[in-house]
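A short write-up of the structure that comes next.
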Amino acid sequence: AQSVTQPDIHITVSEGASLELRCNYSYGATPYLFWYVQSPGQGLQLLLKYFSGDTLVQGIKGFEAEFKRSQSSFNLRKPSVHWSDAAEYFCAVGRMNRDDKIIFGKGTRLHILP
Amino acid sequence: NAGVTQTPKFQVLKTGQSMTLQCAQDMNHNSMYWYRQDPGMGLRLIYYSASEGTTDKGEVPNGYNVSRLNKREFSLRLESAAPSQTSVYFCASTKIGVGNTEAFFGQGTRLTVV
């Protein structure tokens, strides 16, 4: 069965510091992978997605993620965080075939220190 | 282009009452989903519908029913609400397309069962 693990429930970084949020997945086939962000009281916004090809994908707001098949990981990175990046981040896996479904991790809440 | 629209945005129910959460998308997407979001639990899939006329259980279907009324609409029904169903509910939709797929989310319904 497919599953997503985000090992860090909370992460705190200083503004301007680099960021890496971890995501590990379990899936029987080549997955589609996603990172979503949710600001307080808001819906979910797609940051980036991986389907195939280049394993380093660029997203919005300066985020990027790297797919590592050997490690079953899809970690999210940003070189320099801004206070506005404080939010909850969700990794998700699916394949979007006709009968497939999207499964989300439990999320990582990012706190930014001024 | 409204995207995914959920109604209502807020609802308070008494234990044992019933209600239906409505969701509609105007993007001609095939697949639709219902998730619930609880603190520390991420988004958990309740039910999904890969196409009009089909529905499948997700991770936490007990206490819920769904109807895929047509391609646009996917409703979630609580027949006898329980306090454990207090949550934020999100509807989402996706189109099926190799390399060009993402899930679009509604703004959520905050449900409180007292």
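Reckoned from all heavy atoms, side chains included, excluding hydrogens, waters and symmetry mates. Order of the sequence lines sets the chain letters (A, B, ...), proteins ahead of strands, with each chain counted from 1. All values reported here derive from a predicted model rather than from experimental measurement.
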At a heavy-atom separation under 4.5 Å, does Tyr36(A) approach chain B through its side chain, its backbone, both, or neither?
side chain

Non-hydrogen contacts under 4.5 angstrom with chain A: give the residues of residues 105-113 of chain B involved, or none if there are none.
Phe105(B), Gly106(B), Gln107(B)

Heavy-atom contact with chain B under 4.5 Å, split by part of Gln6(A):
neither

Using a cut-off of 6.0 Å, state whether more than 12 heavy atoms not belonging to Leu69(B) lie near its atom CG.
yes

Identify the residues of residues 61-91 of chain A whose heavy atoms come closer than 4.5 Å to a heavy atom of chain B, ordered by number, or report 'none'.
Glu88(A), Phe90(A)

Spell out, yes or no, whether Ile60(A) and Leu33(A) are grouped together once hydrophobic residues are joined by side-chain heavy atoms under 4.5 Å, including indirect joins.
yes

Ile102(A)/Tyr48(B) under side-chain contact (heavy atoms from CB on, under 4.5 Å): CA gap, chis, key distance, verdict:
CA-CA 9 Å; Ile102(A) 312 166; Tyr48(B) 68 107; over 6 Å; no

I need the full list of salt bridge (Lys or Arg N to Asp or Glu O under 4.0 Å) pairs touching residues 11-21 of chain B, with sequence neighbours left out, sorted by first then second residue.
none

With clusters defined by side-chain heavy atoms of hydrophobic residues (ILVMFWY) lying less than 4.5 Å apart, directly or transitively, does Tyr64(B) cluster with Tyr35(B)?
no

For chain A, find its close neighbours in residues 38-46 of chain B: heavy-atom separation under 4.5 Å, sorted by number, or none.
Gly40(B), Met41(B), Gly42(B), Leu43(B), Leu45(B)

When clusters are formed by joining ILVMFWY residues with side-chain heavy atoms under 4.5 Å apart, either directly or through shared neighbours, do Val88(B) and Tyr47(B) land in the same one?
no

Below 4.5 Å from any heavy atom of chain B, which atoms of Leu46(A) appear? Answer side chain, backbone, both or neither.
side chain

Can you hop from Leu21(A) to Val93(A) via hydrophobic side chains spaced under 4.5 Å?
yes

Are Tyr50(A) and Trp35(A) in one and the same hydrophobic cluster, where Ile, Leu, Val, Met, Phe, Trp and Tyr link if side-chain heavy atoms are under 4.5 Å apart?
yes

